[in-house]
Amino acid sequence: MLEIDAAQKLGSAEVAITLATPTDGVLALFGPSGAGKTTVLNWLAGLGRPDRGRIRLNGTTLFDREAGINLPPEKRRVAYMFQDLRLFPHLNVRDNIRYGWRRSPAAERHIAEGTVLELLELERFQHRRVNDLSGGEKQRVALARALLSAPRLLLLDEPLAALDEKRKAEILPFLERVRSSLSIPTIFVSHNVDEVVRLANRVAVIAQGRIRRVGSIFEVFADLGLGDILDGGAAGAAIPARVSVADDGSGLSVLDFAGGQFRVPGAGRPAGTAINLRIRARDVALARNRVDGISILNQFQGRITEISSGNGPYADVLLDIGVPVWARISRHSLKDLGLSVGQRAWCLIKAVSFDTDPNR
Amino acid sequence: MLPQEFTSPLSPFEIEAMLLSLKVGVWSMIGAMPIAIALAWVLARRDFVGKSLVDALLHLPLVLPPVSIGFILLILFGRQGWLGKPLADWFGITVMFKWQGAAIASAVMALPLTVGAIRLSIAAVDQKLEAAARSLGASRLDVFFSVTLPIAFPGLIAGAILGFARSLGEFGATITFVSTIPGETETLPLAMYRALQSPQGDTQALRLTVIAVVIALCALVGANLLTRWATARGAR
């Protein structure tokens, strides 16, 4: 259990966090840049100090202003993979990886060096200088170094933010592998919904220094109240699904979910694989009736449960098709179609992004 | 052909002065390094009241006449001095008119240069790396020895060589503090000075100068090579 109730002034802004969450699995700290995500990670690692409040991790008090407790970073056993990696330039790959391991209590080294090296495919780099590595390789070294320090909690600060799409695709499988085979309690900071849906099972949404919402990714991303944070087309629902037919003969995969079946271009995953689907609100169109003579394959009927329209040109409509799905349509269309809460409507889903997750 | 005065082998007197110079230089640096590293770290990484005063005091040897530094040392390390009395009473050590005194004078004169070089290299070590080391379980002291010092290593070497080279040329403070005693405190510059004071000493002074030039060149070339090696080793 991680309990945070603390605040820190940063210039004119204040980060004030109240959060109590189980630490098993992966918790994403999600929010726009400047929301205070990294500040919270620094509190946890002991590299930043709140002005007031307390922080407890699995019964250990890490920080308590009133009691005058501020456990030094080296006593916390909270490993931190920094956004800028911070590999030691004077040490080779192996000595970098072993830095924390050498300083960890022998009784708590539950993860073997060989396991991590194999998992992250670092065996053949051991004697290389860290500056001779590629960006993706450096990321893996930083991750290995953090994992081998026998942490009680692993912090990942935007592990993918600095990478281009190609490198992201290179490192993501490693992060997934680590998550599923080592099961270290992890907090990972991101401002990218796709990454959160792919890696986390719980998410805490943080904006302007406050926690807005905590819960499973499926609950949280079904919350229309977050429209202002999930702006820029990133808004949308997360849906658990399972592959039922890997290839229907035309290159399409059939995915079962609580409201029926999606048909999507080859997921490339065998039948039975669990998958998290991401359906962006902007990829969903609404219609009063089923639409024939259209190229969109996935059409589902559902009931409108919530409509949120602010001052902008868009309105967000939450539709229950067995699972909640958001649609972002223009306010103009909303009026034209005469949609209101409780009515039934069809949603036309233009695109689905998905990722496998063997854990769910 | 060079005149015979230049081709004859080194005399015992010259060898003695040369070895003494090297001994004083090496020991002054060995003694000064821990103090220089500590001072450099404090000046690079800490802010405290009176920091500029400490900084100014450290630089005094650069601006004061060397004779006055020698005189201050004489007062401090004299039989009744703040440092001289306890040293003599408790440990039976006197440094006045001893080669150790010459090493102390050299170290003090070289300290501003040595600390300056080391301070720059410590300030250049990214403090984010030190924070990362702490999050990996290293205490402050551990971080200093396992991250800060190794990364600042080229600067440490540069500082030590600079100090050593400075001590080879040290004259004023030394002659004031420990006088010029052949075999004990008479380093190359002091020997040169005494040679010049005596009639027909020019040749002797010239031979000593050549020795000094050779040693200084070796030290500087060696420093260059060492720094290059250390930089390559800790390449960023």
Side-chain angles (χ1 to χ4, degrees), chain A residues 38 41-49 62 70-92 95-106 108-109 128-132 141-157, chain B residues 33 36-37 40-42 44-48 117-161 223-236:
Chain A
T38 301
L41 288 198
N42 286 339
W43 288 354
L44 292 172
L47 302 178
R49 203 161 58 101
L62 299 182
N70 185 21
L71 213 56
E74 67 269 24
K75 298 252 166 64
R76 297 191 175 201
R77 311 244 328 284
V78 171
Y80 201 149
M81 181 181 162
F82 299 90
Q83 195 176 354
D84 52 358
L85 303 183
R86 307 192 189 179
L87 298 178
F88 301 125
H90 61 298
L91 300 177
N92 67 15
D95 291 334
N96 261 282
I97 290 173
R98 287 187 177 175
Y99 191 93
W101 184 78
R102 286 199 174 108
R103 290 161 174 82
S104 64
E108 309 220 17
R109 293 173 187 159
R128 295 266 289 276
R129 306 205 56 84
V130 290
N131 292 306
D132 300 339
V141 173
L143 184 57
R145 185 178 70 171
L147 289 171
L148 278 176
S149 64
R152 281 185 287 214
L153 180 65
L154 175 65
L155 308 175
L156 307 175
D157 190 6
Chain B
M33 277 311 267
I37 291 170
W41 184 83
V42 167
R45 283 291 152 83
R46 294 280 136 182
D47 265 316
F48 53 91
I118 299 173
R119 176 185 181 172
L120 280 182
S121 67
I122 287 181
V125 175
D126 189 351
Q127 284 179 271
K128 286 178 169 180
L129 290 175
E130 298 173 340
R134 300 221 32 214
S135 81
L136 288 165
S139 66
R140 280 178 196 280
L141 197 67
D142 187 355
V143 170
F144 179 73
F145 284 109
S146 65
V147 175
T148 316
L149 273 194
I151 295 178
F153 192 62
L156 259 61
I157 290 185
I161 302 274
N224 219 327
L225 292 176
L226 258 176
T227 314
R228 225 186 282 175
W229 167 77
T231 313
R233 192 180 142 273
R236 305 211 169 191

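To find a chain, count down the sequence lines: A is the first, B the second, and so on, and within it residues start at 1. Below, all heavy atoms of this structure are taken into account, side chains as well, without hydrogens, waters or symmetry copies.
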Heavy-atom check, side chain of B:S135 versus side chain of A:R86, under 4.5 Å: no

Within-4.5 Å side-chain heavy-atom neighbours: B:L129 and A:P89: yes

Evaluation steps, side-chain contact (heavy atoms from CB on, under 4.5 Å), between B:L136 and A:R145: CA-CA 8 Å; B:L136 288 165; A:R145 185 178 70 171; 3.5 Å; yes

More than 12 heavy atoms from other groups under 6.0 Å of CZ on B:R140: no

Within 6.0 angstrom of A:R49 CZ, more than 12 heavy atoms from elsewhere: no

Interface residue of largest heavy-atom contact number with chain B, from A:S149, A:P73, A:G100, under 4.5 Å: A:P73

Distance-minimising heavy-atom pair for B:V147 and A:F88: CG2-CE2, 3.9 Å

Heavy-atom closest contact (A:H90 atom, B:P150 atom, distance): CD2-CB, 3.4 Å

Residue A:L148 versus chain B: region with a heavy atom under 4.5 Å: neither

A:R103 vs B:S146, side-chain contact (heavy atoms from CB on, under 4.5 Å): CA-CA, chis, key distance, verdict: CA-CA 12 Å; A:R103 290 161 174 82; B:S146 65; 3.5 Å; yes

